[in-house]
Protein chains: 2
Amino acid sequence: MESIIQAVNNDGPSNLESHLGYWLRLVSNQVSSEFARALSLRNISVAEWTAMRRLYDGEGLKPSDLASSMGMTQGAISKVIDKLEAKRWVDSFDDHFDGRSRVLLVSDAGREAVPTLSKIADQNDVHFFGPLSGRERKAIRKILIHIAEIHGWHEIPTT
Amino acid sequence: MESIIQAVNNDGPSNLESHLGYWLRLVSNQVSSEFARALSLRNISVAEWTAMRRLYDGEGLKPSDLASSMGMTQGAISKVIDKLEAKRWVDSFDDHFDGRSRVLLVSDAGREAVPTLSKIADQNDVHFFGPLSGRERKAIRKILIHIAEIHGWHEIPTT
DNA sequence: TATTGTTATACTCTATAACTATA
DNA sequence: TATAGTTATAGAGTATAACAATA
């Protein structure tokens, strides 16, 4: 086990900095909280952005589809949908095939909003990862995707 | 700007998956929430672990030192210290040089607990990053540290 | 009986600001 | 006046469980 922990100090318990999880959390928290701050200027949460982007491609998703694709519970996704409906970015309709279910559709206003939001996401990426070399960006992307594949997280969390 | 966004679909707004921030968040959230779950079995939060590990090395820190090294406010660190004192892992004393301040010391019980907690952190790292190759682990560590250096986060957040 | 979705409740985490006691 | 630390308050986010409607 010791072998994969990068030893900085051989005496005593492992350092915070010896764990990859520590660096991942440090960088991810900074990148995500800045992204959240940028979105919050428009009163949008990261979960709302993610849901909008998913719905934009996958029109006609049910709340339960959206929840599982985002790694959230149905109770949590229900609140996110409430907020998107309040913004008039999403409309929900009865599912003719299953009376218990709902079908979620992005409204015209929602469809107009997505490119603006995706530009905010683009800018956030450019700000934090632009200073890296192209090789570094390619490498970290590949490794992160590899980790996600190994653990079977293809369509899990985000928020 | 487009150049650093990995285009998956050239039509329309950028994909979630085109952003490095998305993959970073996905992987970090999974790794950190599993770590938090493992610690919570012992009623410990990630912030408490981080504080203990910092105090273990830097004996005699003040609450404000700890707060800034963890990227938390003084109000937030105060609650973390309360919990560590309730566990009898940390004792605080008057600072003879400044009556407003406090000096935080890890107790014997706290000193005994740290190696156990650091093993939990080790195991979490092994679980998530052990399946990578040594080259991949080295590469992602180097790139994450590079990002932290570029943006001046040497001693920032963690929770 | 099981499932979809909503709602009510509670909990954790944290930031902000008011407050106290020193400096 | 400014600073260190605490406390009170509030908000975000989410999980859990109870619930209504439908399968």
Side-chain angles (χ1 to χ4, degrees), chain A residues 25 29-30 32-51 55 60-86 90-104 156-159, chain B residues 25 28-30 32-51 60-86 90-104 156-159:
Chain A
R25 191 159 59 244
N29 285 355
Q30 295 288 123
S32 284
S33 67
E34 177 57 27
F35 182 42
R37 198 199 56 78
L39 288 176
S40 75
L41 296 178
R42 295 165 187 259
N43 288 309
I44 302 159
S45 68
V46 176
E48 287 172 69
W49 149 246
T50 306
L55 290 172
L61 294 181
K62 301 179 294 177
S64 54
D65 294 332
L66 194 56
S68 67
S69 89
M70 291 176 62
M72 299 177 78
T73 59
Q74 291 194 337
I77 208 71
S78 194
K79 285 193 176 181
V80 173
I81 294 168
D82 281 351
K83 294 198 174 167
L84 294 176
E85 290 191 308
V90 166
D91 299 309
S92 68
F93 302 90
D94 292 342
D95 182 338
H96 293 294
F97 304 101
D98 184 341
R100 297 168 302 180
S101 192
R102 314 274 302 155
V103 176
L104 303 170
I156 296 193
T158 294
T159 306
Chain B
R25 190 159 60 243
S28 177
N29 285 355
Q30 294 288 124
S32 284
S33 67
E34 177 57 28
F35 182 43
R37 198 199 56 77
L39 288 176
S40 75
L41 296 178
R42 295 165 186 258
N43 288 308
I44 302 160
S45 68
V46 176
E48 288 173 68
W49 149 245
T50 306
L61 294 181
K62 300 179 294 176
S64 54
D65 295 332
L66 193 56
S68 67
S69 89
M70 291 176 62
M72 299 178 78
T73 60
Q74 290 194 338
I77 209 71
S78 194
K79 285 195 175 179
V80 173
I81 293 167
D82 281 351
K83 294 198 175 165
L84 294 175
E85 290 191 307
V90 166
D91 299 310
S92 67
F93 302 90
D94 291 342
D95 182 337
H96 292 295
F97 304 100
D98 185 340
R100 298 168 302 179
S101 191
R102 314 275 302 156
V103 176
L104 303 171
I156 297 192
T158 295
T159 304

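Because the structure is predicted, anything quoted here is derived from the model rather than measured. Below, read A as the first sequence line, B as the second, and so on, with proteins coming before strands; counting in each chain starts at 1. FYI, side chains are in, hydrogens and waters are out, and symmetry mates aren't considered; it's all heavy atoms of this structure.
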Partners of F97(A) by side chain to side chain contact (heavy atoms under 4.5 Å, CB included), sequence neighbours excluded? D95(A)

Which residues pass the side chain to side chain contact (heavy atoms under 4.5 Å, CB included) test with A67(B), not counting sequence neighbours? I77(B)

Heavy atoms from C-beta onward define the side chain here; which of [options] lies closest to that of [X]?
X	options	result
Q74(B)	dT4(C), dT6(C), dG5(D)	dG5(D)
P63(A)	dA15(D), dT7(C), dG5(C)	dG5(C)
T73(A)	dT16(D), dA4(D), dA15(C)	dT16(D)
K83(B)	dC13(C), dG5(D), dA15(C)	dC13(C)

Once you round it to whole Å, what is the distance between [atom2] of [N] and [atom1] of [X]?
X	N	atom1	atom2	answer
L39(A)	dG13(D)	CG	P	11 Å
E85(B)	dG5(D)	CD	C1'	12 Å
D82(A)	dT14(D)	CG	P	14 Å
M72(B)	dG5(D)	CE	P	14 Å
F93(A)	dT4(C)	CZ	C1'	19 Å
R37(A)	dA15(C)	CZ	C1'	15 Å
L104(B)	dT6(D)	CG	P	8 Å
I77(A)	dT3(C)	CD1	P	20 Å

Per-nucleotide protein contact string for nucleotides 17-23 of chain C, where B marks a base within reach and S marks sugar-phosphate only (heavy atoms under 4.0 Å, - for neither): -----BS

Checking all strands, does [X] fall into the base, sugar-phosphate, or nothing category for heavy-atom contacts under 4.0 angstrom?
X	answer
K79(B)	base
S78(B)	base
S101(B)	sugar-phosphate

Salt bridge (charged side-chain N to carboxylate O under 4.0 Å, His left out) pairs, two or more places apart, involving residues 35-44 of chain B: E34(B)-R37(B)

Residue pairs involving residues 70-84 of chain A (criterion salt bridge (charged side-chain N to carboxylate O under 4.0 Å, His left out); sequence neighbours excluded): none

Not counting sequence neighbours, which residues clear side chain to side chain donor-acceptor pair (under 3.5 Å) with [X]? List them please.
X	answer
D98(B)	R100(B)
S45(A)	E48(A)
Q74(A)	none

Are L104(B) and K62(B) side-chain neighbours, meaning at least one heavy-atom pair lies under 4.5 Å? no

Under 4.5 Å between any side-chain heavy atoms of D94(A) and R102(A), yes or no? yes

Mark yes or no for whether S28(B), through its side chain, and R25(B), through its backbone, hold a donor-acceptor pair below 3.5 Å. no

Hey, which sits more toward the 5' end of DNA chain D by its nearest nucleotide, K62(B) or S45(A)? K62(B)

Five pairs per end, C1' atoms only: what is the angle between the end axes of the helix from dT1(C)-dA23(D) to dA23(C)-dT1(D), to 10 degrees? 20°

